[in-house]
**Student:** 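Before I ask anything, let me first share the structure, which is written out below as structure tokens.
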Amino acid sequence: MTVRCPCLLGEPYDECCGRYHRGETKAPTAERLMRSRFSAFAVLDADYLLATWHPSTRPGTLDLDPEQRWTRLDILGTSGGGLLDTTGTVEFRAHYVLDGHRESLHENSRFVREDGNWLYLDAIATPRQGLPRV
């Protein structure tokens, strides 16, 4: 059975974000890294999230809440983050269900590319920014 990727690009998980999670290839753009990180939250892949987090802002550990079910990712805008860039931002809204309530996280994330690898750096404050329960 083919499982659709949580990032909602329409591809099967194994051919989409799964290949990044397995380390078969690297995300080519900041947006693809954002999508793969959303998918990592959805499939509870804390190791991938930590590996794609910039060392200057990365937490020591990451405990994901299995009760928090990530349901949809909306990319609202991007700046830079392309194949030839070294920095970029991705503004998104990530929807989730927790304790029977539908919620969303709105964030404008900063990414940097070092040694050919895109890394999540941090979030630029946005109005009504929620934080995922980890």
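If you read the sequence from its start, that first residue is 1, and numbering goes on from there.
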**Student:** Would you say V43 and Y48 make side-chain contact, with heavy atoms under 4.5 Å?
**Tutor:** no
**Student:** Tell me the salt bridge (charged side-chain N to carboxylate O under 4.0 Å, His left out) pairs involving residues 11-23, sequence neighbours left out?
**Tutor:** D14-R22, R22-E24
**Student:** When rounded to the nearest 0.5 angstrom, what is the spacing between OH in Y20 and NZ in K26?
**Tutor:** 11.5 Å
**Student:** For Y120, check ring-ring contact (aromatic ring centres under 6.0 Å, His included) against everything at least two apart and list the hits.
**Tutor:** W53, F111
**Student:** What class does the angle between the rings of Y13 and H21 fall in, given that below 30° is parallel, 30 to 60° is tilted and above 60° is perpendicular?
**Tutor:** tilted
**Student:** Kindly write out the residues that satisfy salt bridge (charged side-chain N to carboxylate O under 4.0 Å, His left out) with R32, not counting sequence neighbours, or none if the list is empty.
**Tutor:** none
**Student:** Applying salt bridge (charged side-chain N to carboxylate O under 4.0 Å, His left out), can you list everything that pairs with R35, at least two apart in sequence or on another chain?
**Tutor:** E31
**Student:** A51: which residues meet the side-chain contact (heavy atoms from CB on, under 4.5 Å) condition with it, sequence neighbours left out?
**Tutor:** none
**Student:** Could you tell me whether a side-chain N or O of D99 sits under 3.5 Å from a main-chain N or O of H101, the two making a donor and an acceptor?
**Tutor:** no
**Student:** What residues, two or more places apart in sequence or in another chain, satisfy side-chain contact (heavy atoms from CB on, under 4.5 Å) together with P55?
**Tutor:** R58, L119
**Student:** Would Q68 and F41 count as a side chain to side chain contact (heavy atoms under 4.5 Å, CB included) if you check the C-alpha gap in whole Å, the side-chain angles of each, and the deciding distance to 0.1 Å?
**Tutor:** CA-CA 9 Å; Q68 188 170 17; F41 274 105; over 6 Å; no
**Student:** In terms of hydrophobic clustering (I, L, V, M, F, W, Y; side-chain heavy atoms under 4.5 Å; direct or indirect links), are L8 and V90 co-clustered?
**Tutor:** no
**Student:** Do you reckon L44 sits in the same ILVMFWY cluster as L62, going by side-chain contacts under 4.5 Å, direct or chained?
**Tutor:** yes
**Student:** Any side-chain hydrogen bond (donor to acceptor under 3.5 Å, both in side chains) pairs touching residues 37-47, not counting sequence neighbours?
**Tutor:** R37-T52
**Student:** Nearest 0.5 Å please: distance from the CZ atom of R102 over to the OH atom of Y96.
**Tutor:** 13.0 Å
**Student:** Supply the atom-to-atom distance L98 CG to W70 CH2, rounded to the nearest 0.5 angstrom.
**Tutor:** 9.0 Å
**Student:** Nearest 0.5 Å, please: how far is CZ in R93 from CG in N108?
**Tutor:** 11.5 Å
**Student:** Are V112 and L49 in one and the same hydrophobic cluster, where Ile, Leu, Val, Met, Phe, Trp and Tyr link if side-chain heavy atoms are under 4.5 Å apart?
**Tutor:** no
**Student:** With sequence neighbours left out, write down each residue that passes side-chain contact (heavy atoms from CB on, under 4.5 Å) with L83, or none if nothing qualifies.
**Tutor:** P28, T29
**Student:** Please enumerate all residues that pass side chain to side chain donor-acceptor pair (under 3.5 Å) together with T89, with sequence neighbours excluded.
**Tutor:** none
**Student:** Taking side-chain contact (heavy atoms from CB on, under 4.5 Å) as the definition, give me every residue that meets it alongside S56, ordered by chain and number, with sequence neighbours left out.
**Tutor:** H54, L121
**Student:** Would you mind reporting whether T87 and S79 have side-chain heavy atoms less than 4.5 Å apart?
**Tutor:** no
**Student:** Say you draw a straight line from CD of E107 to CD of E91; how long is it, rounded to the nearest 0.5 Å?
**Tutor:** 10.0 Å
**Student:** Would you list the pairs meeting salt bridge (charged side-chain N to carboxylate O under 4.0 Å, His left out) in which at least one residue belongs to residues 70-85, sequence neighbours left out?
**Tutor:** R72-D74
